Amino acid sequence: MPSPKKQSRKDIELKQEKASVTPIRQSSRIASIVAAEKEGSSQRVEKITRETRSSMKIEEKEKPAARTKSYEFGGPVGAFFMIFSLPVTLYAVNLACRKDKCTILEMPKLPSSLAVLVDMEAAFIFLGWFAFQAVLAVLPVGRVAEGQPLKSGQRLKYRLNGFLSLLVTLACLGVAVYYEVPLSVLSKKFFPLMTTAVIFSFLLSIALYIKSLFISPSKVAAPGNSGNFIYDFFMGHELNPRIGPLDLKFFCELRPGLIGWAVLNLAFLVDAYQKQGTFPPALTMVVLFQFVYVADALFFEDAILTTMDITHDGFGFMLAFGDLAWVPFLYCLQPRFLYESKFNLPWYCLAPIALLNVIGYYIFRGANSQKNDFRKNPHSPALAYLETIPTPSGKRLLVGGWWGLVRKPNYLGDLLMALAWSLPCGFGHVLPYFYPIYFFILLVHRERRDDAECRRKYGASWDRYCERVRYRIIPYVY
Ligand SMILES: NC(=O)C1=CN([C@@H]2O[C@H](COP(=O)(O)OP(=O)(O)OC[C@H]3O[C@@H](n4cnc5c(N)ncnc54)[C@H](OP(=O)(O)O)[C@@H]3O)[C@@H](O)[C@H]2O)C=CC1
Ligand SMILES: CC(C)CCC[C@@H](C)[C@H]1CC=C2C3=C(CC[C@@]21C)[C@@]1(C)CC[C@H](O)C(C)(C)[C@@H]1CC3
């Protein structure tokens, strides 16, 4: 136990540190950074930045985890509603879009027996798949990267071998096709596989919540620390849960669900080829687009370390269900529609859609890489041409390049791609457009959440950025 005398001295020091990040002090620090930059003294800039960071770290290290004051997603009631409505939506959309019909004008036909939805073989396939990906993820192969600094100042280490895992998975699929293993089992058992993923994500979220009750305050994720069980279960109470070398959030976000989505698509394509003797153009194109999206996420795996999911949100039901059930079994809706319905479009319709996808990808990749490279090395000579503005935390905000066009250029590119994945399904049905519609809503909401978080982090500097870059996602529109 510290002596009362020592404790009170520590308190004084703490108060002094807290005072050092008051708004007045913040603006004087920005002024010092700007002055030092004008003088061209990069050493002084580094020094002021280091001082500011360490004073903020001391402040945060000593605090018990602060309770979340503002609720998102409609608070506990909204979270409770989503825990039930998300799985229902997943089933409803997939049941409404089946071989003979794809419509929202009729009630989805419920399966004749439970065996259509639940199946032991599918459960083994799913669990085997999850274990296979986990083994690949912990193999000591591939670069190790450091995450963004945590509240404690510590940086977690992440093994980056996602792209290699994708290649190994593809090789295994190739061998399976060669030995005539029927991949059609994946499309036949689509619903039982989905049910296993749903049950698994519920069980995983419960385990994660129980584990999070025993962690130290520095490991708590601020958004999932309200004290309300339902809300924290949904948002995720622990920021970076790990089992030995396996970082569960990082793993689930990129491996079993994301690669699983690409594998389901490939299974539809192989089956279509085996049945029709040719690769149907529209299906092939969408499978290829989505494959590039998945491969890109794994190739630029370290870029996810600066996203909101990893730096800010806890690992709870929202992400567990999103990663393991929602992404693989809903994002493949357009390929599944094209596979089941055999719908096609002529090349002169597919060509402009392909161009839209390329433009979307160019913006998405350019924006994500620009921000990620800048966060990794703000003094990189390759980025020196970009205009930036200082913030009290020492970090700067990009106000040139992609990040000067709109506040979320990466969302803009992602949305263009989402549209390009649905257009090959034609205009006869609304359901294949579920993804771009849902995605637009998700990203508008996500932008608002991030805006609030950045205003909290960067104060007046964020307001300056918003004045400079007026549009949020779509130039001159929104
Ligand atoms: N397919 C899907 O279902 C989904 C895809 N996505 C995609 O994931 C990607 C990541 O998205 P997300 O994590 O939401 O958001 P961002 O990658 O945009 O990350 C937000 C963070 O970036 C930093 N930042 C914001 N503006 C600037 C700026 N001007 N200069 C420098 N840094 C800035 C801030 O963090 P700090 O300053 O602390 O570094 C902010 O908190 C996007 O491409 C998105 O489209 C997202 C959700 C779902
Ligand atoms: C349905 C719920 C209300 C919300 C669930 C959201 C999740 C499905 C998404 C939250 C952020 C995601 C990201 C990707 C996939 C979807 C989820 C998990 C991402 C891995 C897709 C590939 C991209 O290249 C990316 C940038 C790595 C994405 C990161 C965010």
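Atoms considered below: every heavy atom in the structure, side chains included; atoms not considered: hydrogens, waters and symmetry mates. The structure presented is a predicted model; accordingly, all values stated were derived computationally and were not measured. Just so you know, ligand 1 is whichever comes first in the structure, and atom 1 is the first atom listed for that ligand.
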Check: Quick one: does Lys457 get a heavy atom under 4.0 Å from ligand 1?
Finding: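 Lys457 counts as a contact of ligand 1 under the 4.0 Å cut-off.
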Checklist line | Heavy atom of Glu453, distance to ligand 1 below 4.0 Å | finding: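 It does not; every heavy atom stays at 4.0 Å or beyond.
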Note to self: If you scan the protein for heavy atoms around atom 29 (C) of ligand 2, do you find one that is closer than 4.0 Å?
What the structure shows: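 Yes, there is one.
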Check: Which is closest to atom 8 (C) of ligand 2 in terms of heavy atoms, Leu319, Thr307, Val327?
Finding: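 Selected option, by shortest heavy-atom distance: Val327.
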Margin query: For atom 12 (P) of ligand 1, which of the options Tyr411, Tyr293, Phe374, Tyr458 provides the nearest non-hydrogen atom?
Written below: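 The option holding the nearest heavy atom is Tyr411.
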Which atoms from ligand 2 have a heavy atom of [X] less than 4.0 Å away?
X      : result
Met82  : 3 (C)
Ala297 : 22 (C), 24 (O), 27 (C)
Asp323 : 18 (C)
Arg446 : 10 (C), 11 (C)

Contact partition for [X] relative to ligand 1, non-hydrogen atoms under 4.0 Å:
X      : answer
Met308 : both
Tyr435 : side chain
Thr388 : neither
Ala367 : neither

Margin query: Within 45 degrees of the ring normal and closer than 6.0 Å to the centroid, is that where the cationic atom of Arg336 sits relative to Phe190?
Written below: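 The answer is yes, since Arg336 meets both limits relative to Phe190.
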Note to self: Less than 6.0 angstrom from the centroid, inside 45 degrees of the normal: does Arg365 satisfy that with respect to the ring of Phe300?
What the structure shows: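 Checked: cation-pi criterion met.
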Checklist line | Partner set under side chain to side chain donor-acceptor pair (under 3.5 Å) for Tyr158, not counting sequence neighbours | finding: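 Once residues adjacent in sequence are excluded, Tyr158 has no partner under the side chain to side chain donor-acceptor pair (under 3.5 Å) criterion.
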Check: Can you name the salt bridge (charged side-chain N to carboxylate O under 4.0 Å, His left out) partners of Lys189, sequence neighbours left out?
Finding: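 Salt bridge (charged side-chain N to carboxylate O under 4.0 Å, His left out) list for Lys189, sorted by chain: Asp119, Glu121.
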Checklist line | contact_flag Phe364 ligand 2 heavy-atom lt 4.0 Å | finding: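 Checking ligand 2 against Phe364, which is what was asked, there is a heavy-atom contact under 4.0 Å.
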Next item on the list: Please say whether Asp450 places an N or O atom under 3.5 Å from an N or O atom belonging to ligand 1.
Entry: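 In this structure, Asp450 places an N or O atom under 3.5 Å from an N or O of ligand 1.
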